[in-house]
Amino acid sequence: MRKLTITIDGPAGSGKSSVAQRVAQTLGYLYLDSGAMYRALALKALENNGLALSSHIELEDLAASTQIELKSTPPQLVAEGVKNQVLLDGVDVTQAIRTAEVAQAASQVATVAKVRELLVVQQQRAGAGGGIVMEGRDIGTVVFPSAELKIFLEASPEVRAERRWKEHEQKGEHLTLAQVVEEVHERDKRDRERKVSPLIRAKDAVLVDNTAMDVEETARLIVMLAREREKELAKSAGREA
Ligand code: CDP
Ligand code: CDP
């Protein structure tokens with residue numbers, strides 16, 4: 001059976017990472033968290049005190065001189081909630097990129113067209129062979145516009161913020177729920193309103209609202225859609241042969 005390219009886009013906390021990872025695991029596909037690349041670059045910008053996050057030129061230079069590598073996560077770390085292992089210039093930053101501060105900075109870095117171009121090329125290279133579930137904001141619209149299955153994942157803003165808040169609590173990052181609601185709202189707004197590759201649903205993406213569904217149920221639904229798509233493609237390949 002031919003392996004698909006599956007894209008999952010959606011706003012913060014909609015469940016992209018957890019669901020994409022589960023789907024990839026079930027189908028035996030690769031999983032790639034494109035947001036981790038924007039987060040890693042943002043972390044470097046934050047650590048580099050002289051670098052204003054608002055300077056597009058400096059961010060472009062930074063992106064061009066930075067190596068970001070995403071690796072599949074060993075099973076024991078998947079159980080602990082680790083998505084991709086992330087290496088920034090060879091240093092493991094898997095945990096360091098998961099703060100609210102880095103998330104905000106990532107959405108600023110992500111507004112720079114040249115930065116996106118550089119990262120998109122790497123994402124396309126990583127998924128070139130198919131058999132991949134890639135998640136982010138522009139995967140179905142820009143990175144893989146001809147993907148065989150596109151999902152746009154949604155959930156209510158309150159539920160998304162609460163999910164994120166719980167994660168921060170579990171990691172000992174104590175924020176009020178109101179702070180997280182504000183962080184998620186600000187980031188969604190920036191992601192939806194930016195000029196380059198804004199967060200929008202691709203016309204041919206299936207909208208899945210998982211406000212009242214858990215990760216397992218959502219993943220099961222997407223796996224079912226993927227199996228149907230695989231069958232359709234096998235059938236049309238058979239007709240062509
Ligand atoms: O990647 P994204 O920001 O879209 O979301 P995530 O990191 O996969 O999910 C954020 C949190 O919500 C995680 O702790 C998930 O386990 C949880 N979640 C959930 O409880 N129910 C869902 N249907 C989806 C995610
Ligand atoms: O996990 P969460 O949904 O909170 O965010 P993420 O997927 O880790 O992405 C962090 C930020 O990177 C987003 O708010 C976007 O601004 C940016 N991003 C993007 O612009 N394009 C992507 N394909 C992935 C992430």
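Starting from 1, each residue takes its place in the sequence as its number. Numbering of ligands and ligand atoms starts at 1, following listing order.
Within ligand 2, the atoms closer than 4.0 Å to a non-hydrogen atom of A110 are 16 (O), 17 (C), 20 (O), numbered from 1 in the order shown. Applying the 4.0 Å criterion to heavy atoms of M213 picks out, from ligand 1, the atoms 21 (N), 22 (C), 23 (N). Heavy-atom proximity to D138, at under 4.0 Å, picks out these atoms of ligand 2: 21 (N), 22 (C), 23 (N). Those atoms of ligand 1 that come under 4.0 Å of a heavy atom in P11, given as number and element, are 4 (O).
Counting protein heavy atoms only, atom 11 (C) of ligand 2 is closest to A106 CB, 3.8 Å. Nearest to atom 20 (O) of ligand 2 among the protein's heavy atoms is R116 NH1, 2.7 Å. The shortest contact between atom 8 (O) of ligand 2 and any protein heavy atom is with R39 NE, 2.5 Å. Atom 5 (O) of ligand 1 has its closest protein heavy atom at G15 N, 3.1 Å. Protein heavy atom at the shortest distance from atom 14 (O) of ligand 2 is D191 OD2, 2.7 Å. Regarding atom 2 (P) of ligand 2, its nearest protein heavy-atom neighbour is R164 NH1, 3.4 Å. Counting only heavy atoms of the protein, atom 12 (O) of ligand 2 lies nearest to Y38 CB, 3.5 Å.
Taking all atoms of both residues into account, the shortest heavy-atom contact from S197 to V142 is OG-CG2, 3.6 Å. Considering all non-hydrogen atoms of both residues, D92 and Q85 come closest at OD2-NE2, 3.7 Å. Residues R160 and P11 come closest through the heavy atom pair NH1-CB, 3.4 Å.
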- [ ] Begin with the C-alpha distance, continue with both residues' side-chain angles, and end with the deciding distance and a verdict on salt bridge (charged side-chain N to carboxylate O under 4.0 Å, His left out) for K114 and E117.
- [x] CA-CA 5 Å; K114 286 257 164 55; E117 277 170 30; 5.7 Å; no
TODO: Given salt bridge (charged side-chain N to carboxylate O under 4.0 Å, His left out), test R190 with E186 step by step and report yes or no.
DONE: CA-CA 6 Å; R190 195 179 292 127; E186 202 183 312; 3.3 Å; yes
Task: Check against salt bridge (charged side-chain N to carboxylate O under 4.0 Å, His left out), R164 and D188 - done: CA-CA 13 Å; R164 238 325 101 76; D188 282 348; over 6 Å; no
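At distances below 3.5 Å, at least one donor-acceptor pair connects side-chain atoms of Y29 with backbone N or O atoms of L4. A donor-acceptor contact shorter than 3.5 Å is absent between the side chain of K44 and the backbone of A63.
Residue-level proximity to ligand 2 for M37 is absent, since no heavy atom of it falls below 4.0 angstrom. Residue-level proximity to ligand 1 for A155 is absent, since no heavy atom of it falls below 4.0 angstrom. Counting heavy atoms closer than 4.0 Å to ligand 2, residue R194 contributes side-chain atoms (C-beta onward) but none from N, CA, C or O.
The side chain to side chain contact (heavy atoms under 4.5 Å, CB included) test with F144 singles out one residue from I139, I6, V120, D138, and that residue is I139.
Linking ILVMFWY side-chain heavy atoms closer than 4.5 Å, directly or via other members, places L41 and V143 in a single hydrophobic cluster.
Residue R137 has at least one N or O atom closer than 3.5 Å to an N or O atom of ligand 2. When only interatomic distances are considered, the shortest N/O to N/O separation between S34 and ligand 2 falls below 3.5 Å.
Relative to atom 3 (O) of ligand 1, the option among G13, A212, A36, S18 with the closest non-hydrogen atom is G13. In the candidate list G35, S17, S14, G136, S17 is nearest to atom 1 (O) of ligand 1, counting heavy atoms. Considering Q21, E167, R163 only, the shortest heavy-atom separation from atom 13 (C) of ligand 1 involves E167.
Under 3.5 Å, the side chains of R22 and Y31 contain no donor-acceptor pair of N or O atoms.
Note that CE of M224 is 10.5 Å distant from CD1 of I222, once rounded to the nearest 0.5 Å.
Judged by the shortest distance from any of its heavy atoms, Q123 lies outside the 4.0 Å radius around the atoms of ligand 2.
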